J.: 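Below is a structure I'd like to ask you about.
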Amino acid sequence: MQRKIFLLIAIVALNISNSIAEERGDGLFPLFSGYELKTDFKVYNPDNLWDYINGGAYTYLNFQFVDLHIAEYNNGKTLIKAEIYRHKNNIYAFGMYAQERAPYYNFIKIGIQGYAENTLVNFVKGAYYVKVICNDGNESTAPVLIDLAKKIAANLKGSDKMPEMFSDFPQKGKIANSESYIATEFLGYSFMPGVYVTSYNGPAGQTQLFIVDAENSEKAAEVINKLKEKAESSKKKKGVLTLHDKYNGIVLLTQKDNLIYGCVNNCDIKLFMNFIRK
Amino acid sequence: MGKKDKSLNRRRFLISSVLGTAGIAAGASNLRSHETTVELAKHKKKKVIYRTLGNTGIIVPVISMGVMRADNPALVKAALAKGITFLDTANSYQEGRNEEMLGKLLKDYPRESYLIATKVHPSGKDRKTEMYSGKATEEDFMKKFNVSMNRLGIKYVDILYHHAVGSKEAAFHEPVLNAMKKIKQSGRAKFLGISTHKNEPEVIRAAIKSGVYEVILVAYNFKQVHLDEMNMAIQEAADVGMGIVGMKNLAGGFLDKEKQKPVNAKAALKWALQNPNIHTLIPGFTNFEQLDECVEVMSNIKMHSKEKHELLLASNEQGMYCNACSECVGQCKKALPIPELMRAYMYTYGYREMKKAKDLLVDLELSATNPCTDCDECTVTCVKDFAVADKIADVTRLMDVPEEFIV
């Protein structure tokens, strides 16, 4: 009986979501001068995102993907596709965006952050991760894509600011645009909750500072204990726990309430101490 | 374990890798010159099961790594250290970041110490028909491949796949085949392959017919509803010497929509490897616990009775799909075409192919929207214990859904 109800609801919900999507689609996608807007595309949700991006869907689902809206802008010569991925909140949207971005991309001022190439503009604003794509793009279409992306950004609700936790990271030595949010399995461990990460140029090479955002201080302590269990050795000095993790090498940690501050890869103790003092 | 299993020790495998395919075929006559590589591996105690990837002659561990979701280089390093030496990536994974991560990491490894495959997805695919438009040109494919090679920073890939092919027409698309052949001729891809997770049997048969593809990367798991047809197509491919790599072996990783019932990963991997025609699998592990499970399977693919039982339960858990046994034919007092109705149900809830389901229902020319409404009791007994009448009631509601709502 339960299954029957579920299936009935599923059919009805599918129909309703399609009709809502048609209304919402136009709301999400602004008109763009000289281009015809088409929004009658299927709206994807966590159950069927796989149909659209295959195995890539798993990563989106880790970042609490809600739905995907698609539109096409066509002026007869150039076809531009816009994809708006909505996530549970701005942190997850930023995290997903950062998964597909490198610090050396050509960044432009749009939303929280964005970058442009001849064939695409990707950006994040609020809970939305947006991709504006022109497969036939070239130098002449690049500014058009940026214009359209900015129009879409202006049309979307949500913050233009980086997730607040990133303000805890030191500026000195930071690699620009290297901030990311890892929703699951940071350091390769399934027990890790969401983690904010930023890269720095350290004396021994590139290093990462991170903040684990645990639910409460008990959960944070639990995470540290589990990391200790996994480590080959550990020692604590001046409030800093140094772990030798067999896979990730030296990891520095210190806990403050529900947050764990850490450093991994070519750890720089000076940088880390500045971090935790801040 | 199948006939083609080769429980080579790590020494022989690494020697083989160093020598390359030609070396293996020639019998690896001068082993001593590769002693360094062997030394590195001598502390490894566990034997790894290897299989030969069809006529390519490449010897691969039965577990390889689908790198797609791994954003932690330490995980890839750990996999390589544990003998998972075949890495699978693609031009499109993480918008290229996946190949970049691998390129950076692999600089520290001798090229001969690992195998790598990447995939290129031609532009202009129609998702409904699975066919290409004029945008899928030779130049387009070549350009994307060049981008991949720049990211990876290597001179050649071991396998270049035509990515995510869903129709025979796409498999035969000449501009793509031309580009792939040129890439192989240039030595930048040792072997050519095709990947598919839609209409797989059709694509596999097209790949065989093409004479171009040498390796097939195919979705293969215990929950597939068309397993018999899959096994037949895979057998045909194996018979002509194609290498076969399995993917999506965990069938999504969970048995339920709420993700409360995880698939027994080791059992699912072992299940796929019971087919000797599947030469290696590319599970997309993302943490060290999963890696350790994969490493266990790499040296022991024998299924325990508990694992078999769990997978059996898992298959039943799915419960929504008819396996077309036709035992129910003739049982309905209204002579309804039960297998066809169950197929429509599968299209709707399994494949989410609403249009296909509705077309099938229309073809069946049912007299009423729900043909079961005037029956007091259902006389059909399904071997899978399906509540047949309930499913018919559910799926036939599609007849009332206007065409414009069906995508």
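These numbers come from the heavy atoms of this one structure, side chains and all, not from hydrogens, waters or symmetry mates. Here is how names work: the chains are called A, B, and so on, in the same order as the sequence lines, proteins then strands, and each is numbered from 1. As the structure is a computational prediction, the values presented were derived from the model and not from experiment.
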J.: Looking at every non-hydrogen atom in both residues, tell me the closest pair between B/Glu289 and A/Ser190 and how far apart they are.
T.: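 Heavy-atom minimum between the residues: OE2-OG, 2.9 Å.
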
J.: What part of A/Tyr105 is in contact with chain B, defined as an atom under 4.5 angstrom from a non-hydrogen atom: side chain, backbone, both or neither?
T.: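 It is the side chain, since no backbone atom gets that close.
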
J.: Run the side-chain contact (heavy atoms from CB on, under 4.5 Å) check on B/Asn72 and A/Asn248 step by step: do they pass?
T.: CA-CA 9 Å; B/Asn72 180 0; A/Asn248 297 288; 3.7 Å; yes

J.: Counting heavy-atom pairs closer than 4.5 Å to chain A, which one of B/Leu75, B/Thr286, B/Leu291 comes out on top?
T.: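 Most heavy-atom pairs under 4.5 Å with chain A: B/Thr286.
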
J.: Contact part of A/Phe186 toward chain B, heavy-atom cut-off under 4.5 Å: side chain, backbone, both or neither?
T.: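 Contact with chain B involves no heavy atom of A/Phe186 at all.
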
J.: Hey, what do you get for CD (B/Glu95) to OH (A/Tyr115), rounding to the nearest 0.5 Å?
T.: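 Going from the CD atom of B/Glu95 to the OH atom of A/Tyr115 covers 5.0 Å.
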
J.: Would you say CD of B/Glu139 has more than 12 non-hydrogen atoms from neighbouring residues, nucleotides or ligands within 6.0 angstrom?
T.: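 Atom CD in B/Glu139 is crowded, with more than 12 foreign heavy atoms closer than 6.0 Å.
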
J.: Any side-chain heavy-atom pair from A/Glu185 and B/Arg69 closer than 4.5 angstrom?
T.: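 The answer is no; the side chains never approach within 4.5 Å.
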
J.: Once rounded to the nearest 0.5 Å, what's the spacing between atom CG of A/Leu79 and atom NZ of B/Lys135?
T.: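 Here the interatomic distance stands at 5.0 Å.
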
J.: Under 4.5 Å from any heavy atom of chain A, what part of B/Phe288 do you find: side chain, backbone, both or neither?
T.: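 Answer is both: backbone and side chain atoms of B/Phe288 are under 4.5 Å from chain A.
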
J.: Chain B heavy atoms under 4.5 Å from A/Asp245: which part of the residue, side chain, backbone, both or neither?
T.: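 Contact with chain B involves no heavy atom of A/Asp245 at all.
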
J.: Taking all heavy atoms of A/Tyr247 and all of B/Ala74, pick out the closest pair and write down the distance.
T.: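 Looks like O-CB, 3.6 Å.
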
J.: Under a 4.5 Å heavy-atom cut-off, does chain A meet the side chain of B/Lys77, its backbone, both or neither?
T.: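 It is neither, since no heavy atom gets under 4.5 Å.
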
J.: For A/Lys246, is it the side chain, the backbone, both or neither that has a heavy atom under 4.5 Å from a heavy atom of chain B?
T.: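 Contact with chain B: none, neither part.
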
J.: Output the distance between atom CE (A/Met96) and atom CD (B/Gln94), rounded to the nearest 0.5 Å.
T.: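 Taking CE in A/Met96 and CD in B/Gln94, the distance rounds to 7.0 Å.
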
J.: How close do A/Ala98 and B/Arg97 get, heavy atom to heavy atom, and via which atoms?
T.: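 In terms of heavy atoms, the two residues are closest at O-NE, 4.5 Å.
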
J.: At their closest point, which heavy atom of A/Gly56 faces which heavy atom of B/Met68, and how far apart are they?
T.: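 Scanning both residues completely, I find the closest heavy atoms to be N-SD, 4.0 Å.
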
